[in-house]
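Only one structure is covered here, and it is reproduced in the block below.
Computed from heavy atoms alone, side chains included, the values below leave out hydrogens, waters and symmetry copies. All ligand and atom numbering here is 1-based and tracks the order in the structure.
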Amino acid sequence: MNDLTFLTEHHSVPAAQLHEPAPGNEQLDAILQSAMSAPDHGQLHPFRFLIIRGEARLRLSQVFEQAARRRTPDDEVGIRKQADKPLRSPLIVTVIARIIDSPKIPEIEQLLSAGCAAQHIQLACRALGYGSIWLTGGNAYDLSVHEALGLDLDERIVGFLYIGTPEPGAGTKQRLSASAITSEWHQPLRHDYSI
Ligand SMILES: Cc1cc2nc3c(=O)[nH]c(=O)nc-3n(C[C@H](O)[C@H](O)[C@H](O)COP(=O)(O)O)c2cc1C
């Protein structure tokens with residue numbers, strides 16, 4: 001496989017199809033290090049990672065359950081679904097954007113940088129034989145979840161990356177052709193430089 005098919009064949013793996021073993025400490029360090037080469041305007045490093053595994057997933061399950069109970073108190077099925085989420089995969093890496101007050105680099109660029117870091121993590125996981133999926137949902141934007149996870153006020157959850165060993169048989173996906181969303185800008189050159 002050359003580098004390009006590694007990208008064109010990339011796909012997520014549903015969280016419930018991700019099992020033990022998850023990356024160990026050494027591999028996880030390498031995976032997270034790969035995110036440090038994500039594009040980063042001004043070298044602000046506007047992101048950090050929070051690792052959730054083992055028993056901490058049970059605590060996160062309680063946090064998701066309580067948050068869902070507040071959001072949708074009458075939806076017992078939905079509340080159970082939220083509580084089950086952290087228990088599906090052995091490892092969750094929460095990617096947190098830390099928005100830095102900068103006169104030059106707007107918030108959107110910092111969020112994009114954090115998003116690129118998340119994608120680096122997904123690709124690094126796959127390079128080492130693991131699967132992953134990037135999920136958000138209501139929990140990512142719920143302030144009670146932020147508080148439980150220790151986020152500061154200037155921080156946002158970019159995503160929960162669920163990681164583990166994929167079940168055998170997860171195949172490639174049919175993708176939309178890039179040509180369907182690509183055009184070329186053809187404009188005659190103007191000599192008066194006006195727009
Ligand atoms: C910021 C972000 C948030 C996402 N949140 C969810 C989510 O909450 N639930 C979900 O089913 N997919 C979510 N996705 C999409 C999945 O990560 C994944 O891309 C999708 O299942 C398609 O699979 P594929 O990556 O193999 O094409 C999110 C993607 C991004 C970029």
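- Contact residues for ligand 1 (protein heavy atom closer than 4.0 angstrom to any ligand atom): His11, Ser12, Ile133, Trp134, Leu135, Thr136, Gly137, Lys173, Arg175.
- Counting only heavy atoms from C-beta outward, the side chains of Tyr130 and Gln27 approach each other to under 4.5 Å.
- The backbone N or O of Ala83 lies less than 3.5 Å from a partner atom in the side chain of Ser61, making a donor-acceptor pair.
- Residues Val63 and Val93 fall into different hydrophobic clusters, defined by Ile, Leu, Val, Met, Phe, Trp and Tyr side chains chained together at heavy-atom separations under 4.5 Å.
- Closest approach of Val95 to Ala114, counting heavy atoms only: CG1-O, 3.8 Å.
- A donor atom on one side chain and an acceptor atom on the other are not found under 3.5 Å apart for Arg69 and Gln66.
- Taking each heavy atom of Leu111 and Ala97 in turn, the nearest pair found is CD2-CB, 3.8 Å.
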